[in-house]
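Step one of this worksheet: look at the structure below.
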Amino acid sequence: MALNLNPEEITALLKRRILEFERGARVTEAGTVFSVGDGIARASGLSRVMAGELVEFEGGLIGIALNLEEDNVGIAVFGDDSAIKEGHPVRRTGRIAEAPVGPALMGRIVDPLGRAVDSGPPIEAAERRKIEIKAPGIIERQNVTEPLQTGYKMVDVLTPIGRGQRELIIGDRKTGKTALAVDTIINQKGQDVACFYVAIGQRRSAVARVFETLRQHGAADHTTIVAATASDPAPMQFLAPYSGCAMGEYYRDSGRHALIVYDDLTKHTQAYRQLSLLLRRPPGREAFPGDIFYLHSRLLERAAKLNAEKGGGSLTALPLVETQANDIAAYIPTNSISITDGQIFLETNLFNSGQRPAMNPGISVSRVGGDAQIKAMKQTAGMLRLELAQYRELAAFAQFAADLDAATRHQIERGHRLMEVMKQSVHVPMPVAKQVAIIYAGINGYLDDVPVSEVQHFEARLLAFIDGNHAEFLRLFAEKQVMDDALKTLLADILRNFKKSRADHPAA
Ligand SMILES: Nc1ncnc2c1ncn2[C@@H]1O[C@H](COP(=O)(O)OP(=O)(O)O)[C@@H](O)[C@H]1O
Ligand SMILES: [Mg+2]
C-alpha cells in the first residue's frame with residue numbers, strides 16, 4: 001500500500017494543530033466573576049483551575065481557588081474585595097501559592113504572601129517555595145537528638161524540647177504563652193537556629209511589640225515575623241502558618257535548623273471556619289469544617305528532624321492554643337494535643353498566684369524531648385520530678401492534716417523552695433549550666449535553711465558568685481555536659497563557699 005506522505009505537509013499540519021490546541025486551552029485560562037462578597041468571589045469559566053491555585057483579578061488583586069465545583073469556582077480574595085465587580089475577568093496564574101524563602105527574610109516582617117509589611121525595602125529572595133507541600137515521610141526522619149532550649153529552667157528540665165519536635169503551648173489568655181514562645185526565640189541567639197514567628201489574627205500593636213522585644217534582645221536578626229493581623233482578611237490569616245512553615249523548611253531541607261512559633265492556632269481555626277462557611281462547606285462540630293483536624297496535622301507533620309542522608313536538618317514547631325476557662329477537652333485543644341509530641345499547660349490560677357511561668361508540672365509533658373536532653377539535665381530532672389510529685393501529693397493532703405510528722409513537713413518545705421526555684425521572669429533566658437547549678441542546690445538540700453521568700457534572691461546571688469568566682473564550673477560543664485563526680489564535688493564546694501560568704505556577710 002503506497003501512501004503518499006509529504007513531510008512538509010505533515011509538519012505544517014502538526015504546527016497548526018499545536019497552535020490551535022493552545023488557543024483552545026487559553027479559553028479556560030480565564031473566567032468571569034459572577035458574585036463577590038465577604039472576601040469570597042465566585043467565577044465561572046475557570047474550568048482548568050487547580051485547587052489551591054492563585055488567580056488574578058483585574059487590577060492585580062490575588063485570590064486562591066479553594067472550592068472547585070462543577071460549574072463554578074470559589075475564590076478567597078487576598079485583600080479588599082470591593083474593587084472586584086460582577087462580570088470582571090479573572091485569570092489563572094498557573095502557580096500554587098508560594099512564598100519567598102532564604103536569608104533575605106531574616107530580620108523582616110512579611111505578610112503571608114511574603115511581601116514586606118515593615119518599613120524596609122521589598123524582599124529580594126533568590127528562591128520561592130510552595131507553601132503547601134507534603135511532610136517528610138517516616139523514612140526520611142530520625143528521632144530528635146539535639147535539645148532546643150527555651151531558657152526557662154522549668155521547661156528545659158521538666159518538659160525538654162528537642163530539635164524537630166512539636167510541643168504545644170496551651171492555656172487561657174494572659175497566661176504567658178506568647179512570652180514563653182518569644183523568649184525561646186530569644187534564647188536561640190547564637191545557636192544557628194533560624195526563627196519564624198507567625199502571628200495570626202492578633203492586633204497590629206501586639207505584633208509590633210513582639211518585634212520590638214526581639215530587637216531589644218538582639219534576636220530580630222535571626223527571626224522573620226509572618227503577620228496576618230486581625231484586620232487582614234480571613235484568607236490571609238488562613239495562609240500565614242503554611243507560608244511561615246515553607247520559610248522554615250528551607251533551613252530544614254538544607255541541613256540547618258529552624259524554629260517556628262504559631263501564635264495562635266485557635267485564631268487560625270477561626271479564620272478557616274469563617275472561610276469555610278462563606279464557601280458554603282458543610283459545618284461540623286462547633287461549626288468547624290470537618291477537615292480542620294487534617295489541616296493542622298498536615299501542618300505540624302512538617303516539623304521534623306531529618307535523617308543524616310537528608311542532611312540532618314530540623315524544623316521545630318511551637319503551636320500555641322488558647323483555651324477558654326482551662327477547658328482542654330474542647331474540640332481544638334483535644335485535636336492539638338493529639339497531634340503534638342507533648343504539651344505545656346499554662347494556668348491562670350498559677351499565674352495569678354505569682355507562680356510564673358505558670359506551667360502545671362503535673363500534666364505538662366514532652367514525649368520525645370527527653371532523648372535530646374543533655375546528660376547533666378536528665379540526671380537533675382529525674383530527682384526534681386520526683387521531689388515535685390511528692391510535694392504536690394503531700395501539699396494537697398497537708399491541707400487537712402493538723403499535725404504533720406517531721407519527714408512530711410520537711411518534704412513540703414523543700415517543695416516550696418523548689419517551686420520558688422521554678423519561677424523565672426520574662427526575657428532572662430538562663431543557660432543550662434546555671435539551670436543545673438540552682439536546681440542541684442535545691443534537690444540536694446542547700447536551700448532548706450533559706451527562707452522561701454529569699455530563695456530567688458539567693459539564686460541571683462549564687463549565679464553571680466559563679467560568674468564572678470567560679471567560671472571554671474561553667475567551662476567544665478560545657479565541656480562535659482554531664483555531672484560526673486568531679487563536677488559534683490566542684491559544685492558542692494562552690495555552694496559551701498557561697499553559703500559561708502553569705503553567713504559572713506549577711507547583707508550580701
Ligand atoms: N514568667 C513570667 N514572669 C512575669 N511575667 C510574665 C511571665 N510570663 C508572662 N508574663 C507577663 O504576663 C503578661 C501576659 O503574657 P502573654 O505571654 O502575653 O500571655 P498570653 O500569650 O498567654 O496571652 C505579659 O505582660 C507578660 O509579660
Ligand atoms: Mg499571646
Side-chain angles (χ1 to χ4, degrees), residues 149-159 161 167-187 195-217 219 223 225-230 237 240-241 244 259-271 317-328 330 332-333 336 343-361 363-364 418-430 434-435 438-439 455-457 459-460:
Q149 262 115 19
T150 66
Y152 279 98
K153 283 167 284 190
M154 190 171 201
V155 178
D156 289 343
V157 68
L158 294 177
T159 51
I161 301 169
E167 182 80 7
L168 179 68
I169 300 175
I170 182 167
D172 284 6
R173 58 184 293 276
K174 296 269 167 239
T175 50
K177 299 184 296 298
T178 300
L180 172 54
V182 167
D183 281 348
T184 305
I185 292 180
I186 292 175
N187 199 41
C195 297
F196 298 86
Y197 177 82
V198 182
I200 309 159
Q202 300 183 29
R203 279 194 308 269
R204 252 169 216 287
S205 57
V207 179
R209 223 169 17 248
V210 167
F211 181 77
E212 195 46 32
T213 304
L214 292 173
R215 202 189 54 76
Q216 275 170 8
H217 294 86
T223 308
I225 296 183
V226 181
T229 62
Q237 298 182 34
L259 163 70
I260 187 161
V261 171
Y262 303 111
D263 193 359
D264 59 52
L265 289 189
T266 308
K267 297 239 174 49
H268 184 243
T269 51
Q270 286 161 358
L318 296 180
L320 273 57
V321 162
E322 184 173 298
T323 48
Q324 303 288 333
N326 249 340
D327 183 11
I328 55 171
I332 301 305
S336 316
Q343 51 293 147
I344 294 171
F345 284 103
L346 301 177
E347 293 185 352
T348 307
N349 57 349
L350 289 172
F351 189 89
N352 291 344
S353 71
Q355 186 69 47
R356 303 174 190 178
M359 176 172 119
N360 179 336
I363 53 174
S364 297
L418 288 173
M419 286 311 281
E420 257 333 269
V421 169
M422 292 297 102
K423 290 182 182 172
Q424 191 171 335
S425 60
V426 287
H427 317 328
V428 281
M430 188 180 287
K434 291 184 176 176
Q435 296 186 9
I438 184 64
I439 294 169
V455 167
Q456 289 191 55
H457 180 68
E459 172 182 321

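For the single chain, residues carry numbers from 1 onward in sequence order. In each ligand, atom 1 is the first atom listed, and ligand 1 is the first ligand listed.
Here the straight-line distance linking atom CD of Q424 with atom CE of M430 works out to 5.0 Å at 0.5 Å rounding. Atom CZ of residue R209 and atom CD of residue Q202 lie 9.0 Å apart, to the nearest 0.5 angstrom. Atom CD1 of I438 is separated from atom CE of M422 by 9.0 Å, given to the nearest 0.5 angstrom. From M359, atom CE reaches atom CZ of F351 across 15.5 Å, with rounding to the nearest 0.5 Å. M154 CE to L418 CG: the interatomic distance, rounded to the nearest 0.5 Å, is 10.5 Å. A distance of 10.0 Å separates CD1 of I170 from OG of S364, quoted to the nearest 0.5 Å.
With K153 contributing its side chain and V421 its backbone, the two residues share a donor-acceptor pair below 3.5 Å. With hydrogens and angles ignored, the 3.5 Å screen pairs no side-chain donor or acceptor of D183 with any backbone N or O of I186. Without hydrogens or angle criteria, N187 side chain to Q149 main chain gives a donor-acceptor distance under 3.5 Å. Judged purely by atom type and a 3.5 angstrom limit, T223 has no side-chain atom pairing as donor or acceptor with the backbone of F196. Under a 3.5 Å cut-off, the side chain of T229 and the backbone N or O of R204 do not form any donor-acceptor pair. With hydrogens and angles disregarded, no donor-acceptor distance shorter than 3.5 Å links the side chain of D263 to the backbone of A199.
Between F351 and ligand 1, no N or O atom pair is found at a separation short of 3.5 Å. At least one N/O-N/O distance between T175 and ligand 1 falls below 3.5 Å. Residue-to-ligand polar distances place Q424 within reach of ligand 1: an N/O pair is separated by less than 3.5 Å. Annotation: Y152 places no N or O atom under 3.5 Å from an N or O atom of ligand 1; distance criterion only.
Shortest contact from atom 4 (C) of ligand 1 to any protein heavy atom: R356 CD, 3.7 Å. The protein heavy atom nearest to atom 23 (O) of ligand 1 is K174 N, 2.7 Å. K177 NZ, 2.8 Å is the protein heavy atom nearest to atom 22 (O) of ligand 1. Residue, atom and distance of the protein heavy atom nearest to atom 19 (O) of ligand 1 are G176 N, 3.0 Å.
Residues V210 and T178 meet the side-chain proximity criterion, which asks for heavy atoms closer than 4.5 Å.
Ligand 1 is never approached by G171 to a heavy-atom distance shorter than 4.0 Å.
Close approach of ligand 1 to V426 (heavy-atom distance below 4.0 Å) involves ligand atoms 2 (C), 3 (N), 6 (C), 7 (C), 8 (N), 9 (C), 10 (N). For ligand 1 and S425, the ligand atoms under 4.0 Å from any heavy atom of the residue are 3 (N).
Among A358, A179, A206, the residue whose heavy atom lies nearest to atom 9 (C) of ligand 1 is A179. The option from V182, T178, V210 that lies nearest to atom 18 (O) of ligand 1, judged by heavy atoms, is T178.
Using a 4.0 Å cut-off between heavy atoms, E322 makes no contact with ligand 1 at all.
Listing protein N, O or S atoms at distances below 2.8 Å from the Mg ion (ligand 2), with waters left out, gives T178 OG1.
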